[in-house]
Amino acid sequence: MRMRLFAVLALAATLLSGCGYNQIQINDEAVNAAWSEVLNQYKRRADLIPNLVSVVQGYASHEKDVLTRVTEARANVAGMKATPELINDPAAFAKFQKAQGELGGALSRLLVVAENYPNLKADANFRDLQAQVEGTENRITVARNRYIKSVQEYNVSVRTFPNNLTAMVMGWQTKANFTVEDEKAMSTPPAIKFDAPPAAAPAVAPAPTPAPAPAK
């Protein structure tokens, strides 16, 4: 009886493996793990922003508009529910991606504020925070790349034969991936101009005055 049960289980495992069921499950878990890492890095950035705003606020008291936008963008991101179901809802995923893009843009403008405040650029706290923000952005890029790769493998597994038949029966759909809003604008090479006004010519030193001739 036990041998017959083992045989049935082995046959079921072989059939499930042959139809791609197991591979799709593996790829789905990889996507979930990659997405969790993306959220982890986004949260790290969101946690750093209050400190960055606080440091900048001490110097850039007149940049209230930039600081307000950063705070509002962070509030919009914090108000969204980043659940695993998000990656299975294209509309919610696009909304989340847009909110994160707005936060990144506001953060970039905040860093530009330092150009107008030399004392801020020299402040050690600001330099440390700036380095952490740059490191966080790099981590987000790496996490997003891993998510893109995971979604690619998952989508291939549910669209290729015979896995697509299993996916159709089980109701599994392809997952949304990261995109850019202004793909056409970003594909345009940036214009580089060197039309800065020429530097002023150096002043010509006056000719030495000849010494008076000795009296005869």
Side-chain angles (χ1 to χ4, degrees), residues 2-49 73-108 134-189:
R2 181 173 298 179
M3 293 297 295
R4 183 175 300 175
L5 178 60
F6 286 157
V8 171
L9 292 176
L11 178 60
T14 302
L15 292 176
L16 289 175
S17 178
C19 67
Y21 178 89
N22 291 342
Q23 188 60 48
I24 294 176
Q25 292 295 321
I26 293 172
N27 293 341
D28 186 53
E29 286 301 320
V31 171
N32 293 335
W35 178 244
S36 296
E37 180 59 21
V38 171
L39 295 180
N40 180 39
Q41 297 305 327
Y42 276 143
K43 186 177 186 307
R44 173 187 169 87
R45 180 172 68 175
D47 292 341
L48 281 174
I49 289 176
R74 181 183 180 278
N76 291 336
V77 171
M80 301 184 68
K81 294 183 178 179
T83 61
E85 289 75 17
L86 187 67
I87 56 179
N88 296 321
D89 187 343
F93 185 85
K95 185 178 179 181
F96 178 83
Q97 186 180 354
K98 181 180 179 182
Q100 290 292 346
E102 291 175 352
L103 177 58
L107 195 59
S108 299
E134 291 174 351
T136 301
E137 295 299 317
N138 292 334
R139 291 187 180 92
I140 289 174
T141 301
V142 172
R144 288 178 56 166
N145 287 338
R146 290 174 178 170
Y147 175 78
I148 290 171
K149 182 66 176 177
S150 299
V151 170
Q152 177 192 6
E153 293 178 355
Y154 173 83
N155 288 344
V156 168
S157 66
V158 299
R159 294 182 62 184
T160 52
F161 183 83
N163 297 6
N164 61 335
L165 300 179
T166 304
M168 182 175 62
V169 172
M170 301 300 294
W172 293 328
Q173 304 290 331
T174 57
K175 297 182 184 295
N177 217 329
F178 283 105
T179 59
V180 293
E181 294 183 0
D182 52 349
E183 183 176 354
K184 183 177 180 181
M186 293 184 69
S187 62
T188 304

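By the ring-ring contact (aromatic ring centres under 6.0 Å, His included) test, Phe93 is found to be paired with Trp35, Phe178, residues two or more places apart in sequence or in another chain being considered.
One distance of note links CG of Asn163 with CD1 of Ile24; it measures 4.5 Å at 0.5 Å rounding. Atom CZ of Arg159 is separated from atom OG1 of Thr174 by 6.5 Å, given to the nearest 0.5 angstrom. Note: Asn22 CG to Thr166 OG1 = 10.0 Å, rounded to the nearest 0.5 Å. Note that the CD atom of Gln173 and the CE atom of Met168 stand 11.0 Å from one another [nearest 0.5 Å].
Atom CD of Gln25 has more than 12 neighbouring heavy atoms from other residues, nucleotides or ligands inside a 6.0 Å radius.
The two residues Leu39 and Phe96 make their nearest non-hydrogen contact at CD2-CZ, 3.6 Å.
Judged purely by distance below 3.5 Å, without hydrogens or angles, the side chains of Arg45 and Thr136 never pair a donor atom with an acceptor atom.
Looking at Leu103 and Asn76, their side chains never come closer than 4.5 Å, going by heavy atoms from C-beta outward. At least one side-chain heavy atom of Val77 sits under 4.5 Å from a side-chain heavy atom of Gln100.
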Under 3.5 Å, side-chain donor or acceptor atoms of residues 140-151 against the rest of the protein: list the pairs with distances, not counting sequence neighbours.
{"residue": "Thr141", "atom": "OG1", "partner": "Glu137", "partner atom": "O", "Å": "3.0"}
{"residue": "Asn145", "atom": "ND2", "partner": "Thr141", "partner atom": "O", "Å": "3.3"}
{"residue": "Tyr147", "atom": "OH", "partner": "Ala176", "partner atom": "O", "Å": "3.2"}
{"residue": "Ser150", "atom": "OG", "partner": "Arg146", "partner atom": "O", "Å": "2.9"}

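A side chain to side chain donor-acceptor pair (under 3.5 Å) with Lys175 is found for one member of Asn88, Asn155, Asn32, Asn27 and no other, namely Asn88.
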